[in-house]
Structures are given as structure tokens and as C-alpha cells.
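Input: a single structure, listed below in C-alpha cells.
Worth knowing before you read on, the calculation uses all heavy atoms, side chains too, and leaves out hydrogens, waters and symmetry mates.
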Amino acid sequence: MFELLKSDTHTKARLGRVTTAHGVVETPIFMPVGTQASVKAIDPRELHEMGTQIILGNTYHLNIRPGMEIIRAAGGLHRFMNWEKPILTDSGGFQVFSLAKIRKIKAHGVEFRSHIDGSPLFLGPKEAMEIQRTLGSDIAMVFDECPSHDAPAREQKLAVERTIRWAGECREQPRAPGQLVFGIVQGGSNAALREECAKALVPMDFDGYAIGGVSVGEPEPEMFKAVELTEPFLPATKPRYAMGLGTPAQLVELIARGVDMFDCVLPTRVARNGTVFTRRGTYILKNAENKMDFRPLEDGCECFACRHFTRAYLRHLYNVQEILSIRMLSVHNSYLFLKLMTDVRAAIEAGTFAEFHRDFIANYRPSQRVLLARATAKER
């Protein structure tokens with residue numbers, strides 16, 4: 001299922017290959033997020049053209065809308081959305097604990113109310129795996145508890161205990177043909193809890209392991225710490241997936257720390273706010289400096305948007321609320337994340353990733369939010 005092809009000699013970066021029922025995924029890899037069976041503002045043709053190998057779907061949202069009756073009648077998620085390549089589905093655990101304002105944790109799952117209409121729902125290991133079996137995803141995630149990063153120590157410990165117990169229940173559930181299942185390590189930035197959770201999950205022999213409880217509002221240093229506390233306890237023979245991360249610079253940093261797989265809503269989310277990702281950081285398209293700028297969104301970029309349109313034109317479209325601007329920014333941002341992974345894989349293969357890592361981080365200017373978080377961490 002997973003082949004470790006090469007390990008970098010100067011960092012923990014790895015070159016690998018995950019074989020799934022719908023194709024091979026070369027790692028390190030970025031997975032565009034198709035929460036509701038669609039990557040926002042991008043069609044499947046565009047995803048193919050930019051080299052997308054695998055996308056992510058969401059158990060919680062798809063179960064609510066359109067519902068499993070429709071997915072089942074369509075013949076599974078791949079046919080429903082006309083995507084023949086691999087799909088990873090998360091378990092819905094993060095959404096239950098982040099979207100449901102009213103919830104009650106039970107031994108075998110969580111009672112909560114839909115964020116759409118308030119109707120009562122229940123989701124646990126059995127239900128999450130059944131939904132993912134119906135979806136027919138290539139990689140299914142176990143149902144876990146994902147507390148906030150600043151949750152009290154006792155709450156973090158209870159979340160780890162439930163995550164371990166629920167992972168065991170997920171392991172016992174039937175799967176779709178060829179479906180892989182990944183375990184999720186929780187524990188916040190607590191070293192003992194991360195170790196306890198990883199050591200309990202590894203003997204369950206999942207097909208891969210995710211580092212959960214990151215990208216939940218924690219400062220960047222805590223996010224790196226959570227990964228660093230988890231990675232040593234994960235088997236080298238299985239893929240490692242950091243859930244919900246991150247910026248281009250963060251992805252490069254995490255690859256250097258031994259992570260293989262990533263997903264993040266940032267490329268399309270910030271596009272809707274007029275933000276453009278580049279290899280040197282981000283900029284705001286609507287700023288006046290772009291009014292008469294007839295360069296592409298990023299010099300040297302080969303995405304469709306950069307090959308056909310200028311900053312000035314796309315800024316105009318954004319300001320008059322023409323949807324093409326948001327679509328093209330989404331295409332560009334997503335292409336950048338995917339091309340970055342292609343370049344990373346080439347660097348690992350060539351034995352030059354350490355230099356690639358150093359140069360990329362040196363030239364990338366983080367957002368003001370990240371810089372502020374770093375400054376605050378140093379003051380502590």
C-alpha cells in the first residue's frame with residue numbers, strides 16, 4: 001500500500017507512493033479540499049490539468065447534504081462527482097466538535113444538532129465508517145475527538161482516551177472494497193499524551209497515521225511542536241498525514257519534519273477574499289498597486305490564470321464582483337500548492353531537498369498574522 005522510495009539524508013523528508021483502489025498517489029502530496037463533493041470554484045477538468053492526484057471529501061457535510069440515499073443511488077462519491085482519481089474522506093469528528101454548538105458525548109459517539117437546521121444527529125465510529133463505506137472513498141479516517149488547542153489538560157486526556165477507544169471500534173467496522181483506513185493521533189502539544197495516543201494506535205496496524213489536533217487555532221510554534229512530538233512514534237513504513245495544514249512555507253517545514261500528506265482549505269478560501277499565494281508569500285489583488293499591473297499573478301507560474309490573464313484584469317473583475325476572478329485566483333493558488341509538491345518530490349529524489357528547504361523558507365515572507373504569532377511566542 002505504501003512504498004518508501006527515498007529518505008532525505010539531511011532532514012526527515014521522505015519520497016513515497018501510496019497505492020489506492022483508484023490510483024497511485026506520489027508523496028509528499030497536497031490534497032485539494034472538496035468538502036461538499038466539489039473543490040470550491042474549480043471544476044474536475046481544471047483539477048486534472050493542474051496535476052491533482054487526490055482530493056478530500058467530508059463525511060459530516062455529505063451525510064447531511066445530499067445524504068447517503070442519493071450517494072448510494074449514484075453509485076458512490078466518485079461517480080456522483082465524476083472524479084475517477086483517489087478520494088480521502090475525513091470522519092466528521094472535527095466538524096462535530098467545531099460546528100455543533102450543542103453536543104453530548106456518549107460512550108460510542110456524540111449526540112449533536114445539525115448546524116443547518118438544528119435536527120438531532122448522532123455520529124460515532126460505527127456511523128462514521130458506515131458513511132465512508134457508502135461514499136466509497138479510497139482512504140477513510142477514523143472517528144476521533146478533536147478538542148481546541150487551549151482545552152484544559154483533563155479535557156485533552158479524555159479526548160485521547162476516547163480517540164483510542166473509538167479508533168479500535170472503527171478498526172472493527174467493514175470497509176468498502178479496497179478502502180484504506182488511517183488512524184488519528186491526538187494530544188495537543190502535550191508530549192506524554194501524543195506518545196500515549198501514538199503508541200496505542202500503532203499496534204492497531206492502520207494503513208496510515210494522521211496527526212490531528214493541528215490547525216485548530218494554535219500558534220504556529222505549537223503546531224510544529226505537535227508534529228514533532230508525534231512523528232517519532234509513527235512507523236516509517238506507513239504514510240503520515242498532517243490534517244488541515246497549511247501555508248506553502250508550513251508545508252515545506254512539515255515535510256522536513258517527516259510528514260507526507262496534507263490538505264488545507266486556504267488556496268480556495270483566501271482566493272474568495274482576493275488573496276494571491278506566491279512562492280514569496282501572499283498579496284492582496286485589490287490593492288491599488290495592481291491597478292495598472294499587466295504581469296501575471298506570479299511571474300514564471302504556468303497555471304491557466306497566469307498564462308492567460310493579468311493582475312490588472314483580474315483585479316478589475318474582483319472589484320466588479322465577476323466570479324471569473326475568484327475562479328482564476330482559486331486555480332492559481334491551488335496550482336501553486338500542487339506544483340510546490342512536485343518540486344519538493346523532485347528535490348528529494350535529487351538529494352537537494354535541504355537546499356530547497358533552506359532557500360524556500362528564506363525567500364517566503366509569512367503573513368502578518370504568522371509573524372505576530374512568532375513574535376508573541378518569542379516573548380514567552
Under the salt bridge (charged side-chain N to carboxylate O under 4.0 Å, His left out) rule, collect the residues that match up with [X], sequence neighbours excluded.
X      : value
Asp43  : Arg45
Asp359 : none
Lys199 : Glu195
Arg17  : Glu3, Glu26

Tell me whether [X] shares a hydrophobic cluster with [Y], the cluster being built from Ile, Leu, Val, Met, Phe, Trp, Tyr side chains joined at under 4.5 Å.
X      : Y     : answer
Met141 : Leu99 : yes
Val270 : Ile42 : yes
Met204 : Met1  : yes
Met68  : Ile64 : yes
Ile116 : Ile70 : yes

Could you grab the distance from atom [atom1] of [X] to atom [atom2] of [Y], nearest 0.5 Å is fine?
X      : Y      : atom1 : atom2 : result
Leu266 : Asn333 : CG    : CG    : 9.0 Å
Lys286 : Asn319 : NZ    : CG    : 8.0 Å
Glu84  : His48  : CD    : NE2   : 4.0 Å
Glu222 : Asp150 : CD    : CG    : 9.0 Å
Thr282 : Leu285 : OG1   : CG    : 12.0 Å
Ile55  : Ile87  : CD1   : CD1   : 5.0 Å

Practice problem: Report the C-alpha distance between Glu127 and Phe143 in whole Å, list the side-chain angles of each, state the deciding distance to 0.1 Å, and finish with yes or no for side chain to side chain contact (heavy atoms under 4.5 Å, CB included). | Solution: CA-CA 9 Å; Glu127 292 76 17; Phe143 187 74; over 6 Å; no

Could you pull out the closest heavy-atom pair between [X] and [Y], with the gap in Å?
X      : Y      : result
Glu228 : Pro232 : O-CD, 3.1 Å
Val181 : Phe206 : O-CB, 3.5 Å
Trp166 : Ala107 : NE1-O, 2.9 Å
Tyr318 : Ala271 : CE1-O, 4.2 Å
Leu245 : Ser215 : CD2-CB, 3.5 Å
Gly16  : Phe2   : CA-CE1, 4.0 Å

Quiz item: In the hydrophobic clustering that connects Ile, Leu, Val, Met, Phe, Trp and Tyr at side-chain heavy-atom distances below 4.5 Å, which members other than Ile102 occupy its cluster, ordered by chain and number?
Solution: none

Quiz item: Under the 4.5 Å side-chain heavy-atom rule for ILVMFWY, direct or indirect, which residues accompany Phe94?
Solution: Val216

Exercise. Using the six-membered ring of Phe224, assess whether NZ or CZ of Arg257 lies under 6.0 Å from its centre and within 45 degrees of the ring axis.
Key: yes

Could you list the donor-acceptor pairs under 3.5 angstrom formed between side-chain atoms of residues 184-194 and any protein atom two or more places apart in sequence or on another chain?
residue : atom : partner : partner atom : Å
Gln186  : OE1  : Gly213  : N            : 3.3
Gln186  : NE2  : Asp144  : OD2          : 2.7
Asn190  : OD1  : Ala192  : N            : 3.0
Asn190  : OD1  : Leu193  : N            : 2.9
Arg194  : NE   : Gly188  : O            : 2.7
Arg194  : NH1  : Val185  : O            : 2.8
Arg194  : NH1  : Gly212  : O            : 3.1
Arg194  : NH2  : Gly188  : O            : 3.2
Arg194  : NH2  : Gly212  : O            : 2.8

Practice problem: Mind running salt bridge (charged side-chain N to carboxylate O under 4.0 Å, His left out) on Lys339 and Asp343 for me, showing each step along the way? | Solution: CA-CA 6 Å; Lys339 182 62 165 60; Asp343 293 346; 2.8 Å; yes

Quiz item: Which pairs count as salt bridge (Lys or Arg N to Asp or Glu O under 4.0 Å) when at least one residue sits in residues 168-190, sequence neighbours excluded?
Solution: Arg175-Asp207

Quiz item: Which salt bridge (Lys or Arg N to Asp or Glu O under 4.0 Å) pairs, counting each pair once, include a residue from residues 51-65, with sequence neighbours left out?
Solution: none

Exercise. Could you check Leu297 against Thr278 for side chain to side chain contact (heavy atoms under 4.5 Å, CB included), going step by step and ending with a plain yes or no?
Key: CA-CA 8 Å; Leu297 293 172; Thr278 76; over 6 Å; no

Quiz item: Can you name the residues that form a side chain to side chain donor-acceptor pair (under 3.5 Å) with His149, not counting sequence neighbours?
Solution: none

Exercise. Sequence neighbours left out, what passes side chain to side chain donor-acceptor pair (under 3.5 Å) with Gln179? Give chain and number order.
Key: Ser137

Quiz item: Does a side-chain N-to-carboxylate-O contact under 4.0 Å join Glu161 and Arg165?
Solution: no

Practice problem: Please name the residue in the list Met50, Glu298, Arg327 that meets the side chain to side chain contact (heavy atoms under 4.5 Å, CB included) test with His332. | Solution: Glu298

Exercise. For ring-ring contact (aromatic ring centres under 6.0 Å, His included), just list the numbers for Tyr241 and Tyr209, CA-CA rounded to whole Å, side-chain angles, deciding distance to a tenth of an Å, and then say yes or no.
Key: CA-CA 6 Å; Tyr241 166 28; Tyr209 292 89; over 10 Å; no

Quiz item: With no hydrogens and no angle check, is any side-chain donor or acceptor of Asp263 less than 3.5 Å from a backbone partner on Gly244?
Solution: yes

Self-check item: Ring center gap for His115 and Tyr60 short of 6.0 angstrom
Solution: yes

Quiz prompt | Proximity of Phe353 and Phe360 rings by center, below 6.0 Å | solution = no

Exercise. Mark yes when over 12 heavy atoms from residues, nucleotides or ligands other than His108 sit less than 6.0 Å from its NE2; otherwise mark no.
Key: no

Exercise. With the side chain counted from C-beta on, respond yes when Arg14 and Asp8 share a heavy-atom pair under 4.5 Å apart, and no when they do not.
Key: no

Can you give me every donor-acceptor pair (side chain of residues 33-40, partner residue at least two apart or in another chain, under 3.5 Å) with its distance?
none

Self-check item: salt bridge (Lys or Arg N to Asp or Glu O under 4.0 Å) partner of Glu231, the single match among Lys238, Arg240, Lys225
Solution: Arg240

Practice problem: Just do the side chain to side chain contact (heavy atoms under 4.5 Å, CB included) check on Met261 and Met31 with the steps written out, would you? | Solution: CA-CA 8 Å; Met261 302 172 67; Met31 301 179 284; 3.9 Å; yes

Practice problem: Show your working on side chain to side chain contact (heavy atoms under 4.5 Å, CB included) between Glu145 and Ile105 and close with a plain yes or no. | Solution: CA-CA 10 Å; Glu145 180 175 348; Ile105 300 175; 3.8 Å; yes

